[in-house]
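Here the structure is a predicted model, which is why all the values come from computation and not from measurement. In the text below, chain A, chain B and the rest are named by the order of the sequence lines, each starting its count at 1.
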Amino acid sequence: MIQRDDIINVIFSAMEDLNTQLPQDKKIDKRLDVQLFGGQGNLTSLSLVRFIVAVEDRMSETFEKSVVLADERALSKEHSPFRSVAALVDYIENLLSENVDA
Amino acid sequence: MHSVQRVILITGARKGIGKYLAHYYSDKGHQVIGCSRKSVNVEFDNYQHFCLDVCDEKSVLNLFSEIRRKYSHLDILINNAGIAAMNHALLTPLSVAQKIMDTNVISSFLFCREAAKLMSKNKFGRIVNFTTIAVPLKVEGEAIYASSKAAIVTMTEILGKEFAEYGITVNAIGPTPIETDLIRAVPQDKIQQLLNQQSIHRLGALQDISNVIDFYISSQSDFITGQTIFLGGVS
């Protein structure tokens, strides 16, 4: 059973990965309340793509589960799961529970 | 000359061009992963086969998970899987049109997307898509097939731009008719009409295809992306 903390660790690990590619003033803090994309978000659309790919990759490595984060629902949701780390954790938890149920 | 061993994924590897390419690159010492809907009867060195429907997202994701787990990376994707159908537009069932679009366009996109995710880790990748000379020749009876392959040309050009920053090139090859299962159902006079429109009036050979792919996947071809080469002098 994958715990919420495991998901947070995967996301933070992907953030570390992304931060190595970002300039000093654009690096993102590893906090749940940090804004990712849109509004006060820290990521450009290109960085968001890199970040999503990094999270999917880490999830595949860590949990041996293939997920596509940028699915139809994620892109059409009024409150994007990519707006903050906390929202992304919720979204992934939901996605994984659906996979288990399927 | 020493060449690097690459991990190469070939879709539609059970027969025809895909089967030839699987043997060709395996013989060169590369690790080849092939996939097709049906299983293969033969086993050979450096080759692993997966049975799956290339249009099924979940199966494709599982394939890439397996590649990631076993080989940790992917260097080259040869997006060969495809279906052809020759029929007058007025006699083409919607289900056939849908199937051609799904297999030729959607599955190619799906494989490009997942391959690029895996390749981006190493900042290196080569993707080769398959189109056809039916696109520039605008062959009657191939409205849906040629349209699906025209989409591949455009997709290749755009993905070439989108994936460039990850060190991934995306190119396409457009073969002439080649002696494979795919054209056996096509009447001989229709094939001859096509050959007459080529600059070089002969059927293509499998070696003509590997020749172009060798060029695209070479490590020196890192400045070649978004391009389509049609065989036989068709443009």
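- Although no hydrogens or angles enter the test, the distance criterion places no donor-acceptor pair under 3.5 Å between the side chain of B:Y216 and the main chain of B:I127.
- Contact of B:S120 with chain A is made through the side chain alone, with heavy-atom distances under 4.5 Å.
- With a 4.5 Å cut-off on non-hydrogen atoms, B:Y166 touches chain A through its side chain but not through its backbone.
- Partner B:S107 forms a side-chain contact (heavy atoms from CB on, under 4.5 Å) with one of B:N79, B:V54, B:D56 and no other, that one being B:V54.
- For B:Q98, the CD atom is loosely surrounded, since the number of other residues' heavy atoms within 6.0 Å does not exceed 12.
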Just list the side-chain donor-acceptor pairs under 3.5 Å for residues 33-46 of chain B, sequence neighbours left out, or say none.
residue: B:S36; atom: OG; partner: B:K38; partner atom: O; Å: 2.5
residue: B:S36; atom: OG; partner: B:H49; partner atom: NE2; Å: 2.8

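- Residue contact with chain A, scored on non-hydrogen atoms closer than 4.5 Å, is absent for B:E162.
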